[in-house]
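Scroll down for the structure; my scribbles are underneath it.
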Amino acid sequence: MRFLASDQLEGRGTGARGYDVAAQYVASQLESIGIAPAGGAGTYFQPVPLRRLEIVPERSSLVVLSAQGTVKKLVRGVEYVTLGDATRVAVDVEAELVSVGFGITAPESGHDDYAGIDVQGKIVVQFFGAPKKFSNAVRAYYADPATKMRNAVAHGAVGMIWVFPPEVAKEMPWDLCVGLANAPGYRWLDASGTPHDGFPELKTIAFVNRSGAEMLYAGAPQTLIDAVDAADADHHSSHALATKARVHTETKHTAIASLNVVGVLQGSDASLRTEHVVYSAHLDHLGIGEPVDGDAIYNGAVDNASGVAAMLAIAKAYASLPVTPRRSILFVAPTAEEAGMLGSDYFARFPTVPRASIVADVNIDGAPGLLYPVADVVPLGAEHSTLGAVAANAASDLGLAVSPDPMPEQSSFARSDNYSFVKAGIPSVCVIEGLKTRKPGLDPAAVMRAWQMSKYHSPKDDMSQPLDFESAATTTKLNFLIGYAVAQAAMRPSWITGDFFAQRFASR
Ligand SMILES: [Zn+2]
């Protein structure tokens with residue numbers, strides 16, 4: 001963890017030298033432990049072809065045209081930001097605007113923001129998130145930007161503008177949003193060089209803040225706040241706006257190849273060894289970026305040097321067993337997680353072993369328990385499959401309680417590499433720490449909140465912060481035991497019958 005998080009690795013940015021050094025390091029570690037190469041061509045590496053998108057801010061613009069013919073040019077970074085275009089280096093669009101609530105069509109929940117509204121050839125303006133009535137799993141799926149973009153395209157929209165409802169804006173400061181939009185975006189490319197989830201039909205994807213949004217809603221039948229309130233209260237509130245937008249976007253495209261690192265420990269059972277239990281822990285972080293207090297290296301110590309280190313410790317434990325487990329164990333360190341779980345998505349679609357042979361994914365994103373002595377864990381996503389019982393048994397063996405997700409509204413389950421496996425129909429779990437502690441007088445919720453506000457995705461997530469390695473060792477044992485139980489069981493894990501994700505993805 002200390003090496004991966006060191007300044008020498010420069011934050012392991014996707015496509016950067018520090019990441020490539022980290023990939024070589026993990027491969028060397030796997031080799032020294034006795035884990036065989038499984039990336040392809042006899043190596044530990046699966047190259048992931050990527051396109052990097054960098055917006056050219058000085059040559060991009062967003063103009064709002066009112067019904068009275070007035071023209072208002074919004075100030076980039078202050079009132080709006082646009083994202084880079086995945087398929088074009090320059091693109092223009094001018095279209096009418098339609099407010100479409102959350103932009104969600106969820107027939108099984110009886111919710112359709114597009115009902116009775118025509119967005120053909122128009123730009124949809126929509127709120128970040130999902131209605132409160134949705135269960136956690138349903139929310140995770142429908143709040144996913146890719147799901148929303150697919151839905152907008154299916155309805156014929158030609159652009160998308162995101163608005164943050166006040167509640168979301170509290171958690172998602174505008175500066176953070178601007179930083180995200182200005183950072184390079186990435187897409188993986190298929191064999192024909194086409195970006196996956198490129199959505200060429202959408203000729204602009206933009207964010208506006210409150211004042212930008214109020215300009216879009218000028219003269220509309222509902223004010224911005226009325227529209228947000230209606231969407232929150234789950235009243236159908238979609239309506240045409242009185243304004244149009246004209247957007248020009250220029251994007252620099254760069255082709256890069258980044259490496260997933262993959263190793264395998266052969267199983268011992270003559271028939272079950274053809275099946276694989278996957279451990280995944282993303283190796284990338286945010287690289288070098290905006291300096292904070294004079295430090296521009298985003299070391300990503302907890303996120304996710306710790307997860308990779310935990311996975312290597314688990315690999316070492318497996319390799320030291322007198323008899324290897326019955327099923328084979330695959331260790332995967334994906335690239336480009338921070339860029340949208342791209343390395344894992346690529347791996348789950350083009351795995352280096354037959355996809356049907358992958359029985360489960362145990363993902364580690366931040367070795368749980370590093371911030372305080374944990375007394376409970378949250379096995380994110382385990383409730384969708386028989387992995388729930390596996391995780392509960394393993395936790396009880398270690399004296400750890402199992403708790404439900406304390407922040408379901410953040411859809412954490414859909415925000416790490418385990419979700420790439422779920423989308424490929426593979427039962428997955430990602431254990432995070434719960435909010436109980438063995439240390440009297442400590443408030444874990446306050447510790448966690450302070451960490452998220454001051455260290456998460458900041459250069460301050462480095463090795464100088466206080467870290468509880470004993471606590472993280474316990475959760476690493478837990479992740480070992482979960483994978484071990486799956487590798488030994490006669491039956492592979494299965495989805496819970498009727499589960500939302502099972503219905504959507506299990507047949508893939
Ligand atoms: Zn992470």
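Just so you know, ligand 1 is whichever comes first in the structure, and atom 1 is the first atom listed for that ligand.
- Ring geometry for F102 versus F127: interplanar angle over 60°, hence perpendicular rather than tilted (30 to 60°).
- Rounded to the nearest 10 degrees, the angle OD2 (D365) to the Zn ion (ligand 1) to OD1 (D303) equals 150°.
- Pairs of residues two or more places apart, or lying in two chains, never qualify as salt bridge (Lys or Arg N to Asp or Glu O under 4.0 Å) while including a residue from residues 6-35.
- Screening residues 338-363 for ring-ring contact (aromatic ring centres under 6.0 Å, His included) gives W188-Y346, W188-F350, Y346-F350 as the qualifying pairs, with residues at least two apart or on separate chains.
- Taking backbone and side chain together, E337 holds no N, O or S atom under 2.8 Å from the Zn ion (ligand 1).
- Side-chain N or O atoms of Y44 include one that pairs as donor or acceptor with a backbone N or O of I35 at under 3.5 Å.
- The Zn ion (ligand 1) has no N, O or S atom of H285 closer than 2.8 Å.
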